[in-house]
Amino acid sequence: MKTLVTGASGFLGRAIVKRLLAEGQRVRAVCRGAAPELEALGVEVHRADLRDRHAAIAACRGVDVVFHTAGVAGIWGPWKHYFDSNVAATMHVVAGCQEHGVGRLVFTSSPSVVFDGTDQEGLDESAPFPSRWLCHYPRSKALAERHVLESNGARGLLTCALRPHLVWGPGDRHLVPGLIARRRANRLWRVGDGGNRIDMIYIDNAAEAHWLAAQALAPGSPAAGRAYFLSQGEPVNCWEWINEILALANLPPPTRHISLKTAWRLGAAMEIFSRIAPFAGEPPLTRFLAAQLGRSHYYDISAARRDLGYHPRVSTEEGMRRLAEALASSPPA
């Protein structure tokens, strides 16, 4: 097959590219800038901004499968930024698939599309989108996911959406480095009583799930037109796991605590201040971040096991061992 991976220079995108190469696939990578690491692997690098409809459509020419991982994450910023990068760009990719007869599209979504700020324990894919959004990112991903799934079957295109939760491992540039940087700056506070449980997924397992989803997409497949939660399959205590990561960087657990109610109110106040005083930039705490740190959020992955044949090949323990080695050889700045 000839495969296309958007966002191929990102953490998950690079892992998917390497997984495809291991299967002997021919890979085209869409990146906004230069990607010498990918070129060195023998990947065809196609430079394009997917917000440009014509560029996105052209990138899809001559491929059989598209893995659309490109997008912007975050908890702050203007709606137009998230809409253009996550919604419009996805619509352009879908249009490119349909125009050039691409048979399969695997879209990388997020469990945050159903997160409403309350505890979510063992929810499956029947959970609806919330009636209120705590920030623009989940709203934009929900709109993009809906468009992808509604496009299933149109002009011969089969689609599905994957919702990997908190992707981590060696090579991560955001989650683990962000936690370590906050702790080093003494800006990491434990939110809540420390008993909340969360899902997460090791990077190689997330990449494997994307490959399995592409294989599962076929006429009549239950995967076509569906979304799937992905994780390690075993929720962990949020703050115990954070403390384990900090320990790998020789850092102690956070010493300061704040109740979830106080963090929520403080986040709301900081959001208001940042809106009326844009010069203040992104608030250090928002309601979404407070809820993510203080609430339980883990999901049922039975559907992915059943329809995609997914199971986490790399255990959490093995993933942590690999992360420890990576941090020891190249500690975050």
Side-chain angles (χ1 to χ4, degrees), residues 71-79 81-83 85-87 90 107-150 160-167 174-175 178 189-201 226-239 241-242 258-272 274-275 282-304:
V72 294
I75 59 174
W76 197 250
W79 168 241
H81 175 58
Y82 288 94
F83 180 86
S85 298
N86 293 342
V87 185
T90 298
F107 171 66
T108 306
S109 186
S110 164
S112 65
V113 298
V114 301
F115 188 64
D116 61 1
T118 64
D119 288 312
Q120 298 191 322
E121 302 172 309
L123 296 186
D124 64 19
E125 290 81 3
S126 65
F129 294 156
S131 58
R132 62 173 181 173
W133 301 100
L134 297 177
C135 62
H136 293 325
Y137 171 71
R139 178 188 175 198
S140 66
K141 293 299 284 188
L143 291 175
E145 178 186 289
R146 177 177 290 160
H147 180 73
V148 167
L149 299 184
E150 289 178 347
C160 69
L162 303 184
R163 299 170 175 175
H165 198 26
L166 296 178
V167 184
H174 299 288
L175 177 62
W189 291 50
R190 193 193 76 193
V191 176
D193 62 10
N196 56 310
R197 301 167 70 205
I198 63 169
D199 267 339
M200 40 70 163
I201 185 169
R226 285 203 56 174
Y228 294 92
F229 289 117
L230 296 173
S231 71
Q232 291 293 99
E234 46 185 15
V236 296
N237 177 285
C238 175
W239 289 97
W241 184 55
I242 287 175
I258 186 172
S259 71
L260 177 56
K261 180 182 291 187
T262 299
W264 179 272
R265 291 173 174 172
L266 185 58
M270 289 182 176
E271 290 177 43
I272 293 172
S274 288
R275 288 193 185 98
E282 180 177 317
L285 182 65
T286 66
R287 291 169 299 160
F288 180 82
L289 182 56
Q292 285 280 298
L293 292 173
R295 293 287 190 186
S296 289
H297 38 99
Y298 57 90
Y299 305 91
D300 184 351
I301 64 169
S302 297

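Excluded from the calculations below are hydrogen atoms, water molecules and symmetry mates; all remaining heavy atoms, backbone and side chain alike, are included.
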**OP:** Test T286 against L134 for side-chain contact (heavy atoms from CB on, under 4.5 Å), laying out the working first.
**Re:** CA-CA 9 Å; T286 66; L134 297 177; over 6 Å; no
Original post:
Passes side-chain contact (heavy atoms from CB on, under 4.5 Å), Y298 versus Q120? Steps please.
Top reply: CA-CA 6 Å; Y298 57 90; Q120 298 191 322; over 6 Å; no
Subject >> Contact list for residues 135-149, test salt bridge (charged side-chain N to carboxylate O under 4.0 Å, His left out), sequence neighbours left out >> reply: E145-R163
**OP:** Of all the heavy-atom pairs spanning F288 and C135, show the shortest one and how long it is.
**Re:** CG-SG, 3.7 Å
**OP:** With side-chain contact (heavy atoms from CB on, under 4.5 Å) as the test, would you mind laying out the steps for N86 and V72 before giving the verdict?
**Re:** CA-CA 7 Å; N86 293 342; V72 294; 3.7 Å; yes
Subject >> From CG (L166) to OG (S110), nearest 0.5 Å >> reply: 8.5 Å
**OP:** Report the residues that fulfil ring pair (Phe, Tyr, Trp, His ring centres under 6.0 Å) with W189, sequence neighbours left out, ordered by chain and then residue number.
**Re:** none
**OP:** Please report the shortest heavy-atom distance between S274 and P283, naming the atom on each side.
**Re:** OG-CD, 3.5 Å
Original post:
Excluding sequence neighbours, so at least two apart, what forms salt bridge (Lys or Arg N to Asp or Glu O under 4.0 Å) with R295?
Top reply: D119
Original post:
Using 30° and 60° as the class limits, which term best fits the ring planes of H165 and Y299: parallel, tilted or perpendicular?
Top reply: perpendicular
Original post:
Can you list the residues that meet the ring pair (Phe, Tyr, Trp, His ring centres under 6.0 Å) rule with Y137, with sequence neighbours excluded?
Top reply: none
**OP:** State, to 0.1 Å, how close I75 and Y82 come at their nearest heavy-atom pair, and which atoms those are.
**Re:** N-OH, 3.8 Å
Subject >> H297 side-chain N/O to Q292 backbone N/O, donor-acceptor pair under 3.5 Å >> reply: yes
Original post:
Should I198 and V236 count as side-chain neighbours, where that means a heavy-atom distance under 4.5 Å?
Top reply: yes
Original post:
Which heavy atom of N237 sits nearest a heavy atom of G195, and at what distance?
Top reply: ND2-CA, 3.7 Å
**OP:** May I ask you to test the R275-W76 pair for a side-chain heavy-atom distance under 4.5 Å?
**Re:** yes
**OP:** Supply the atom-to-atom distance S231 OG to M200 CE, rounded to the nearest 0.5 angstrom.
**Re:** 8.5 Å
Original post:
For V87 and A144, which heavy atoms make the closest approach, and how far apart are they?
Top reply: CA-CB, 4.3 Å
For residues 259-268, which side-chain N or O atoms pair as donor and acceptor with protein atoms under 3.5 Å away, sequence neighbours left out?
{"residue": "S259", "atom": "OG", "partner": "T262", "partner atom": "N", "Å": "3.1"}
{"residue": "S259", "atom": "OG", "partner": "T262", "partner atom": "OG1", "Å": "2.8"}

Original post:
Can you list the residues that meet the side-chain contact (heavy atoms from CB on, under 4.5 Å) rule with P130, with sequence neighbours excluded?
Top reply: D116, W133
**OP:** For side chain to side chain donor-acceptor pair (under 3.5 Å), just list the numbers for E125 and Y228, CA-CA rounded to whole Å, side-chain angles, deciding distance to a tenth of an Å, and then say yes or no.
**Re:** CA-CA 7 Å; E125 290 81 3; Y228 294 92; over 6 Å; no
Original post:
Where is the tightest heavy-atom contact between F107 and T90, given as atom of each residue plus distance?
Top reply: CE1-OG1, 3.7 Å
**OP:** Under the salt bridge (Lys or Arg N to Asp or Glu O under 4.0 Å) rule, what do E271 and R287 come out as? Steps first, then yes or no, please.
**Re:** CA-CA 8 Å; E271 290 177 43; R287 291 169 299 160; 3.1 Å; yes
Original post:
About how many Å separate CG of L162 and CD1 of I201, when rounded to the nearest 0.5 Å?
Top reply: 9.0 Å
